[in-house]
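Beneath this line is the structure, given in structure tokens, with notes to follow.
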Amino acid sequence: MPELPEVETTRRGIAPHVEQRRVLALQVRQPQLRWPIPEQLAQWIEGDRVQSIERRSKYLLFRFARGTMIVHLGMSGSLRILAADEAPGKHDHVDLVLESGQLLRLTDPRRFGAVLWQENGTEHSLLSKLGPEPLDEAFNAEYLQQCCAGRRTAIKALIMNAAVVVGVGNIYANEALYAAGIDPRRAAGRISAARLEGLVLAIKQVLAAAIKQGGTTLRDFVGGDGKPGYFKQELHVYGRGGEPCHQCGEPLSEVKLSQRSTVFCRQCQR
DNA sequence: CTAAGGACCTGTCGGC
DNA sequence: TGCCGACAGGTCCTTA
């Protein structure tokens, strides 16, 4: 479910209900997520205020006085604001009980998500090796050219590599390459500077548009405020293998690339 | 160092 | 209707 636009949509949805609120309790029903939730997390945050919620890559960062609670939604996670007396379901693993009478609930059927802790003055190893944010100026044509130089890996795998640029997941990698007219299988080092510049712009545009629309609704994704995303209507290739290309009408091809479903137009993408 | 594949876990969907 | 395999938004870690 969550790619960067979905995570950002979630952040914006929950922030007004969580920022500046005091945490009364942290209730952990299932600590076994991708990594175990630290046992002392409750004692570190209970009684303290959430100063702000920030986002880095697809990680949500809850800033507290003595450190940061890091939340990742994995493949199937979501965060919602609910009344404090709402009964938990099977996959409702964690509640952040707020003094406002509401709670922030983490639901994650596949449990690929994570809840971790970063002490002030340290940087978690998961965050320390990340590339630039795609919408930042630091992610530009010159930078991407440097990353691609001499690389034989497929361009799609390269832009999905978080050490190169964060936040480009499978949906938006497919969409951006279609928009840029680049074959996803093409070796990264064999693409002209001009076309890589087009790819940078395409990535920025597709992500910005998706954030503006509130993310892509897949299955049951809803933001923290319960509103669905509307970007799905604008997808040109993702989930459309075999259907006609919106530009030329040829059936879209679908292949596996680094284990991920990859859809593109052989006519329009070279 | 790079590139590719496996692993984690559950739910859903399509085919027989 | 029921069962079984394939597949799903992520990404770290191990292996060549």
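In what follows, every chain begins at residue 1, and chains take the letters A, B, ... in the order their sequences are listed.
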Practice task
Respond yes when some side-chain nitrogen or oxygen of A:K256 is under 4.0 Å from OP1 or OP2 of C:dA8, and no when none is.
Solution key: yes
Exercise for the section: Provide, to the nearest angstrom, the distance between the OH atom belonging to A:Y59 and the C1' atom belonging to C:dT11. Expected result: 7 Å
Problem - Phosphate OP1/OP2 of C:dT11 contacted by A:H72 side-chain N/O (<4.0 Å) - result: yes
Exercise for the section: State, with a plain yes or no, whether a side-chain heavy atom of A:I155 is found less than 4.5 Å away from one of A:I182. Expected result: yes
Practice task
Give A:T153 one of three labels, base, sugar-phosphate or nothing, depending on what nucleic acid heavy atoms sit under 4.0 Å from its own.
Solution key: sugar-phosphate
Practice task
Kindly compute the distance separating CD1 (A:I53) from CZ (A:R63), expressed to the nearest 0.5 Å.
Solution key: 11.5 Å
Handout entry: Taking every non-hydrogen atom, the tightest pair across A:R111 and A:S76
Key = N-OG, 4.3 Å
Exercise for the section: Describe the nucleic acid contact of A:K90 in one word from base, sugar-phosphate, nothing, applying a heavy-atom distance below 4.0 Å. Expected result: sugar-phosphate
Fill in the blank from the handout: When rounded to whole Å, the CD to C1' distance for the pair A:Q32 and B:dT10 reads 16 Å
Problem - Contact under 4.0 Å: A:R151 side-chain N or O vs B:dA3 OP1/OP2 - result: yes
Handout entry: Selection from B:dT10, C:dC12, C:dA8 that lies nearest to any side-chain heavy atom of A:M75
Key = C:dA8
Practice task
Rounded off to whole Å, could you give me the NE2-to-P distance for the A:H124 and C:dC12 pair?
Solution key: 11 Å
Problem - Euclidean distance, atom CG of residue A:D108 to atom C1' of C:dG10 [Å, nearest integer] - result: 11 Å
Practice task
Kindly say if A:Q259 contacts the phosphate of B:dG6, meaning a side-chain N or O under 4.0 Å from OP1 or OP2.
Solution key: yes
Problem - Side-chain touch A:I211/A:R12, heavy atoms, less than 4.5 angstrom - result: yes
Exercise for the section: Please determine which of A:E175, A:Q247, A:H246 meets the side-chain hydrogen bond (donor to acceptor under 3.5 Å, both in side chains) test together with A:H236. Expected result: A:H246
Exercise for the section: Check whether any side-chain nitrogen or oxygen of A:H91 sits under 4.0 Å from OP1 or OP2 of B:dG11, and answer yes or no. Expected result: yes
Exercise for the section: Pull out every stem in DNA chain C, meaning runs of 3 or more consecutive Watson-Crick or G-U wobble pairs with both distances under 3.5 Å. Expected result: B:2-8 with C:10-16, B:10-16 with C:2-8
Practice task
Confirm from the modelled atom types if A:R110 and C:dA8 form a donor-acceptor pair under 3.5 Å, side chain to base only.
Solution key: yes
Completion exercise
Side-chain atoms of A:R152 come closest, of C:dT11, C:dC12, B:dA3, to B:dA3
Exercise for the section: Measure from CG on A:D92 to P on B:dG11 and round the result to the nearest Å. Expected result: 12 Å
Handout entry: For atom NE2 of A:H93 and atom C1' of B:dC8, their distance in whole Å
Key = 13 Å
Handout entry: Exceeds 12 heavy-atom contacts within 6.0 angstrom, atom CZ of A:R22
Key = yes
Exercise for the section: Determine if A:F112 stacks with B:dC8; use a centre-to-centre distance below 5.5 Å and an interplanar angle below 30° as the criteria. Expected result: yes
Exercise for the section: State, with a plain yes or no, whether a side-chain heavy atom of A:R105 is found less than 4.5 Å away from one of A:L79. Expected result: no
Practice task
Output yes when at least one side-chain N/O atom of A:S261 is less than 4.0 Å from OP1 or OP2 of C:dA8, else no.
Solution key: yes
Might you list the N or O atoms of the protein lying below 3.5 Å from N or O atoms in nucleotides 13-15 of chain C, with each pair's distance?
none

Completion exercise
Among the nucleotides C:dG10, B:dG11, C:dA8, whichever has the atom closest to the side chain of A:K58 is C:dG10
Problem - A:N170 side chain near A:R260 side chain, heavy-atom distance below 4.5 Å - result: yes
Practice task
First locate atom OG1 of A:T9, then atom CZ of A:R55, and finally report the distance between them rounded to the nearest 0.5 Å.
Solution key: 9.5 Å
Practice task
With P as the reference atom in both, quote the distance from C:dC3 to B:dC9 in angstrom, rounded to an integer.
Solution key: 25 Å
Completion exercise
A:L116 CG to C:dT11 P, in whole Å, measures 13 Å
Practice task
State, without any angle test, whether A:T262 and A:E254 hold a side-chain donor-acceptor pair at a distance under 3.5 Å.
Solution key: no
Problem - Any A:R260 side-chain nitrogen or oxygen under 4.0 Å from OP1 or OP2 of C:dG10 - result: yes
Handout entry: Pairwise side-chain contact, A:Q269 with A:L177, heavy-atom cut-off 4.5 Å (strictly under)
Key = yes
Problem - Protein-nucleotide distance (A:M160, atom CE; B:dA3, atom P), rounded to Å - result: 16 Å
